Amino acid sequence: MQEKYLPTDVEKSAQDHWQAIDAYKAVENAQDRNGKEKKKFYACSMLPYPSGKLHMGHVRNYTIGDVLTRFHRMRGYNVMQPMGWDAFGLPAENAAMKNKVAPAQWTDDNIAYMKKQLQSLGFAIDWDRELATCKADYYKWNQWFFLRMLEKGLVYLKTGTVNWDPVDQTVLANEQVIDGRGWRTGALVEKREIPMYYMNITAYADELLPALDTLPGWPERVKIMQANWIGKSEGCEIHFPYNAEHNVGDPVLKVFTTRADTLYGATYVAVAPEHPLTLQAAKTDSALAAFIEECKRGGVTEAELATQEKKGMDTGLFVHHPLTNKPLAVWTANYVLMGYGEGAVMAVPAHDERDFEFATKYGLPIKAAIKPKDGELELPLQAAFVDYGICFDSEDFNGLTSAEAKHKTGVVLKALQLGELRTTYRLRDWGISRQRYWGCPVPIIHCDACGAVPVPDDQLPVKLPENLVPDGSGNPLLKTPSFLNCDCPQCGKPARRETDTMDTFVDSSWYYLRFACPGNDQAMVDERVNYWLPVDQYIGGIEHAILHLLYSRFWTKVMRDLGLLKIDEPFANLLTQGMVLNDIFSRKGQSGGIDYYNPVEIDIAQDAQGRTTGGTLKSDGQPVDYSGMGTMSKSKMNGVDPQAIINEFGADTARLFMMFTSPPEQTLEWSDAGVEGAFRFLKRVWAFVADHAGWVKEELQLLKEGKTEDKFPADLKVRHPGVNLMRREIHAALRQATFDMERKQFNTVASAVMKMLNAMREAATYSFDSEAASSNADGLLQKGLHEGVGIMLRVLYPIAPHICCKIWSELGYDGNLIDAPWPNVDEAALVQDEIDLVVQVNGKLRGNILVAKDATREAIEAMARAHPTVEKFIAGLAIKKVIVVPGRLVNVVV
RNA sequence: GCCGGGAUGGCGGAAUUGGUAGACGCGCUGGACUCAAAAUCCAGUGGUGGUGACAUCGUGGGGGUUCGAUUCCCCCUCCCGGCACCA
């Protein structure tokens, strides 16, 4: 065996071998050696966006998936781990503008490079299933499915709000709006209402919500976030009759509230600036028209709307309270959103914080109608009283609890035909239209005579031209006659093709299904999908906890209802990995902005305790500021190139570092020293095995020839205490590693392997140093090391497969390590005659006692009380009770 | 603003889920080897007091439940993720 660990050679030869035997090809219905069908295990990691090169988040994500894939293969599962590319999206267009290269070219180049990187990390991926969402053989099925949903009424046309850059005459993504201005032009962005296609996800809200309870393999936090996002609320629709002279088509103004019990506290109603009522009033009120214009500026995101200053204006119009018939002023307010509910709310300043703030600001009346269950309200109110309580000053409702009042309001209003109890969801329908080039074309043709006509199935896919280079001023498809002009499928007259493309979340909503059916050009999915799905382990960033996962769940249910699938949920188990962080160094730039520098460009300064305090830029020797750790990102310039790590230390080191440094769900802080530590450990493994390879080989030979048995003598403890102790430590570590592997806590799996190596090194050293231990008497140490190395390699293998495979075959262990079974704990090795118990007095540690494993409670208690330190602490005090926790501790309470 | 999560030595983290806080690793200190350095190996390493045995404090802050709390409950601070057109 080569004495020095050379990762490049080791990894090359392991990867060549895997490729030669097609080691990771996944086949349906695979059988084990006994002809029994294996259970399948489909591990899927969220597919990467091909941004250029792999980043550390990818390495982390795919290493987690790979560890689970390899572990399950050892456990006898028929595993499948695919990979693909989320290849449509904004960054390709931005790169195209910058480099004058078509997005298709840029994307293809990136995919080729990143694929090589993934392969160099040695992931057990079945590359025959690879897909890219920007290829027509994939996105054809987006279009096909869109048309099926359209037929079912699950896709419809409605207006939606977008950011409009008036200079570039283009729609901007939220990300491209910085402080209310276009990122390239600096122009103040306006809101615009444009027609968009929507997917009716709200129609599935009443299944998406309770079905979360059928997902025990999902993190609780993700389920809570999804449940809150869907946001079911039981409330009441309330109709406020319009004043007679209002003429807006509808006789009533509809609002929805979850606090119908506060109806008698309503003192005005507020409508969105885009509400028909506002628009009508603005026709004769120029100040109001100006206010509507003002509201068009500012952001469209919920965060911005929620934090903006609350502004409003009296429309001069009135509606009537449905129960008291009193007139209520209609205000228009920027905090009322047209997209939510009815675009109107009843305002109860006394019992709603937002309304209270608004009413106080504009001098609107405040009327209390709910008081605490036990007590009175202090009037006038200094703040809104938002708790549930008892109705007062509410006519027939006086004395009712909030719950009773809510119910009664619904009943009374229903009788008056002025409202009813209703369930609503916070969830909104999914707008999928994007006014962008690099995406899946929406398969619609606009005809002057026939309107919006679906593209017939036999004309799919609507292919996206791949040679266009966007310039930032609108969608280049609009300037491409060969794409734009077509014939109407219904009447044959010249027509115009839809130029909007689909949200990239559409692409990523079903790719994991397509992985099961590679190569099928006749159908979106086939029977194979029912073998592999659901995904047994889905892995991806926590940032996808809501949108991507919710859309995928929705999409799966729609496919099921169209008879394409038999499953209800796509992902049985979900692991949400944490972010990868690194130091951030910056300097104030000349133009007032902040310039960021990659940590490799910095000589880092540390204080006496090793904490980073700042540094100097290597190129100019001038100081830079340290602003702590943040997620690795292009904008902060703090990414670490995985390739550099692979080149210097090898893929196994990169993988081990990632797994050892943090548990998968937590954030991971990058550390060069940590990487070197991981490398050092692998070197130690290699060196130790190389030192003892002779013994292991010899033992394997003896076993093969039947000259020795694969078991240890019952009196090992007497014959070789060192090996006995080593075995106990190795099997204890193995038990821990197995437990942690099952719960996906890989950092402690790695530390278990370290403990195994430490135990073996100690035993080997001890035996040679000590006269009494008689080194390898009766070949017991050799036997122990043969077993220990075999266990260590199999436990380390899922994390660092190259080095383990190489050593495994060098030493001559049985078969190929990638198909070796996960080792079993030898319970006999763990048995101890005496147990170390902790003795406490009043919960404070005061000593330890060694007791026989079958000692009685009385004997333990007596020993504990006799312990000298314990005697000292209980002297002169009365013993109240003694708590004995078997196998753990004794607590004397005085 | 709303929803979710997190905080443990100088640092990353562990504590099999209410039972010895700090496993494992990094860093640091001392030693061995070396002309020297690197690499490697050995030892030490939460704070405070003490030569020492030992004592005492200690899991973001404050309160509570318990014989016993990093773990459970209430309040607070700071940090991170998401908020529907980044993916």
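Naming: A, B, ... by sequence-line order, numbering from 1 per chain. No experiment lies behind these values; they were computed from the predicted model shown.
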Seminar exercise, completed: Checking rC24(B), rC85(B), rG19(B) against the side chain of Asn758(A) (C-beta onward), the nearest is rC24(B)

Exercise. How is Asn891(A) classified with respect to the nucleic acid when contacts are heavy atoms under 4.0 Å: base, sugar-phosphate, or nothing?
Worked result: base

Seminar exercise, completed: Side-chain contact check for Val885(A): nearest option of rG19(B), rG4(B), rU20(B) is rG19(B)

For this session: Round to a whole Å and report the spacing from CZ of Phe358(A) to P of rG1(B).
Result: 20 Å

Exercise. Using a cut-off of 4.0 Å on non-hydrogen atoms, how would the nucleic acid contact of Val882(A) be classed: base, sugar-phosphate, or nothing?
Worked result: nothing

Problem set entry | P gap between rC26(B) and rU77(B), integer Å | 39 Å

Exercise. How would you label the contact of His544(A) with the nucleic acid (heavy atoms, under 4.0 Å): base, sugar-phosphate, or nothing?
Worked result: base

For this session: Would you mind reading off the distance between Asn163(A) atom CG and rC83(B) atom C1', rounded to a whole angstrom?
Result: 15 Å

Problem set entry | base_contact_polar (rC85(B) base, Asn174(A) side chain, donor-acceptor, <3.5 Å) | no

Seminar exercise, completed: Exactly one candidate in Tyr551(A), Tyr139(A), Phe554(A), Tyr138(A) meets ring-ring contact (aromatic ring centres under 6.0 Å, His included) with Trp510(A); the answer is Tyr138(A)

Exercise. When all nucleic acid strands are considered with a 4.0 Å heavy-atom cut-off, which category describes Phe505(A): base, sugar-phosphate, or nothing?
Worked result: base

For this session: For the side chain of Arg221(A), starting at C-beta, report the closest nucleotide among rC24(B), rG1(B), rG4(B).
Result: rG4(B)

Exercise. What integer distance in Å separates Arg680(A):CZ from rC24(B):C1'?
Worked result: 14 Å

Problem set entry | Polar side chain donor-acceptor pair, Thr576(A) to Arg221(A), under 3.5 angstrom | yes

For this session: Verify the ring-centre separation between Trp85(A) and Tyr511(A): is it less than 6.0 angstrom?
Result: no

Problem set entry | In rG12(B), glycosidic geometry as syn within 90° of 0 or anti otherwise | anti

Exercise. Distance between the C1' atoms of rC28(B) and rC73(B), in whole angstroms?
Worked result: 41 Å

Problem set entry | Selected nucleotide, minimal atom distance to Ile224(A) side chain, candidates rG5(B), rA87(B), rG25(B) | rG5(B)

For this session: Nearest whole angstrom, please: distance from the P of rG27(B) to the CG of Asp672(A).
Result: 11 Å

Exercise. Which part of the nucleic acid, if any, lies within contact of Ser508(A), taking any heavy atom under 4.0 Å across all strands shown: a base, the sugar-phosphate backbone alone, or nothing?
Worked result: nothing

Exercise. Is there a donor and acceptor pair closer than 3.5 Å between the side chain of Arg743(A) and the base of rU17(B)?
Worked result: yes

For this session: Look up atom CH2 in Trp106(A) and atom OG in Ser51(A), then write down how far apart they are to the nearest 0.5 Å.
Result: 6.5 Å

Exercise. Which base sits across from rA55(B) as a Watson-Crick or G-U pair, both distances under 3.5 Å?
Worked result: rU48(B)

Exercise. Using a cut-off of 4.0 Å on non-hydrogen atoms, how would the nucleic acid contact of Phe873(A) be classed: base, sugar-phosphate, or nothing?
Worked result: sugar-phosphate

Seminar exercise, completed: pair_partner(rG4(B)), Watson-Crick or wobble, both distances < 3.5 Å, evaluates to rC80(B)

For this session: For rU70(B) and rG9(B), measure between their P atoms and round to the nearest Å.
Result: 14 Å

For this session: Determine the interatomic distance between P on rG5(B) and the same-named atom on rC75(B); round to the nearest Å.
Result: 14 Å

Problem set entry | Given RNA chain B, 5'-ward residue of the pair Asn842(A) and Gln666(A), judged by closest heavy atom | Gln666(A)

Exercise. With sugar-phosphate meaning primed atoms plus P, OP1 and OP2, does Met756(A) contact a base, only sugar-phosphate, or nothing at under 4.0 Å between heavy atoms?
Worked result: nothing

Problem set entry | Rounded distance in Å between the C1' positions of rA21(B) and rA37(B) | 40 Å

Exercise. Ignoring hydrogens and angles, are the base of rC2(B) and the side chain of Glu302(A) linked by a donor-acceptor pair under 3.5 Å?
Worked result: no

Exercise. Looking for any heavy atom pair under 4.0 Å, which part of the strands does Glu669(A) touch: base, sugar-phosphate only, or nothing?
Worked result: sugar-phosphate

For this session: Could you label the plane-to-plane angle of the His548(A) and His544(A) rings as parallel, tilted or perpendicular, counting under 30° as parallel and over 60° as perpendicular?
Result: perpendicular

Exercise. Paired with rU70(B) by Watson-Crick or G-U wobble geometry, both distances under 3.5 Å: which nucleotide is it?
Worked result: none

Exercise. Tell me: CD of Glu676(A) to C1' of rG12(B), nearest whole Å?
Worked result: 15 Å

Problem set entry | rG61(B) to rC11(B) separation - P atoms, rounded to the nearest Å | 14 Å

Exercise. Mind checking whether Trp555(A) and Trp430(A) have parallel, tilted or perpendicular rings, split at 30° and 60°?
Worked result: perpendicular

For this session: Pick base, sugar-phosphate or nothing for Pro663(A), based on heavy-atom distances below 4.0 Å to the nucleic acid.
Result: sugar-phosphate

For this session: Report yes or no: does Arg192(A) contribute a side-chain atom to a donor-acceptor pair with the main-chain N or O of Val162(A) at less than 3.5 Å?
Result: no

For this session: Measure from the side chain of Leu889(A), starting at C-beta and using heavy atoms only, and say which of rC42(B), rG19(B), rC67(B) lies closest.
Result: rG19(B)

Exercise. When all nucleic acid strands are considered with a 4.0 Å heavy-atom cut-off, which category describes Arg888(A): base, sugar-phosphate, or nothing?
Worked result: sugar-phosphate

For this session: Kindly indicate whether the side chain of Leu427(A), heavy atoms from C-beta on, has any atom under 4.5 Å from the side chain of Tyr204(A).
Result: no

For this session: Please determine, for rU17(B), whether a Watson-Crick or G-U wobble partner exists with both distances under 3.5 Å, and give it or none.
Result: none

Exercise. Counting side-chain heavy atoms from C-beta on, which of rC85(B), rU20(B), rC67(B) comes nearest to Ile883(A)?
Worked result: rC67(B)

For this session: Specify the residue among Lys683(A) and Glu353(A) whose closest nucleotide of RNA chain B lies further upstream toward the 5′ end.
Result: Glu353(A)

Problem set entry | Which nucleotide in rC24(B), rC54(B), rC86(B) has an atom nearest any side-chain atom of Lys872(A) | rC54(B)

Exercise. In whole Å, what separates the C1' atom of rA55(B) from that of rG64(B)?
Worked result: 29 Å

For this session: Return yes when atom CD of Glu648(A) has more than 12 non-hydrogen atoms of other residues, nucleotides or ligands closer than 6.0 Å, and no otherwise.
Result: no

Exercise. Is any NZ, NE, NH1 or NH2 atom of the basic residue among Glu861(A) and Arg865(A) found under 4.0 Å from an Asp or Glu carboxylate oxygen of the other?
Worked result: yes

Exercise. Within this structure, what is the CE-to-C1' distance between Met579(A) and rA87(B), rounded to whole angstrom?
Worked result: 11 Å

Problem set entry | Sugar-phosphate, base or nothing in reach of Thr307(A), heavy atoms under 4.0 Å | base

For this session: Using a heavy-atom cut-off of under 4.0 Å over every strand shown, decide if Met225(A) touches base, sugar-phosphate, or nothing.
Result: base

Problem set entry | Nucleotide opposite rU40(B) in a Watson-Crick or G-U pair, distances under 3.5 Å | rA32(B)

Exercise. Separation of Leu305(A) atom CG from rG1(B) atom P, in whole Å?
Worked result: 15 Å

For this session: Could you work out which one of rC41(B), rA23(B), rA87(B) sits closest to the side chain of Arg684(A)?
Result: rC41(B)

Exercise. Atom CD1 of Ile542(A) to atom C1' of rC3(B): distance rounded to whole Å?
Worked result: 12 Å

Exercise. Just checking Trp229(A): base, sugar-phosphate only, or nothing, at a heavy-atom cut-off of under 4.0 Å?
Worked result: base

Exercise. Given the P atoms of rG44(B) and rG12(B), what is the spacing between them in whole Å?
Worked result: 24 Å

Problem set entry | Syn/anti state for rU17(B) [syn: chi within 90° of 0] | syn

For this session: Could you tell me whether Lys844(A) contacts a base, only the sugar-phosphate backbone, or nothing, with contacts defined as non-hydrogen atoms closer than 4.0 Å?
Result: sugar-phosphate

Exercise. Nucleotide by nucleotide, 5' to 3', does protein get under 4.0 Å of the base (B), only the sugar-phosphate (S), or neither (-) in nucleotides 70-76 of chain B, counting heavy atoms?
Worked result: -------

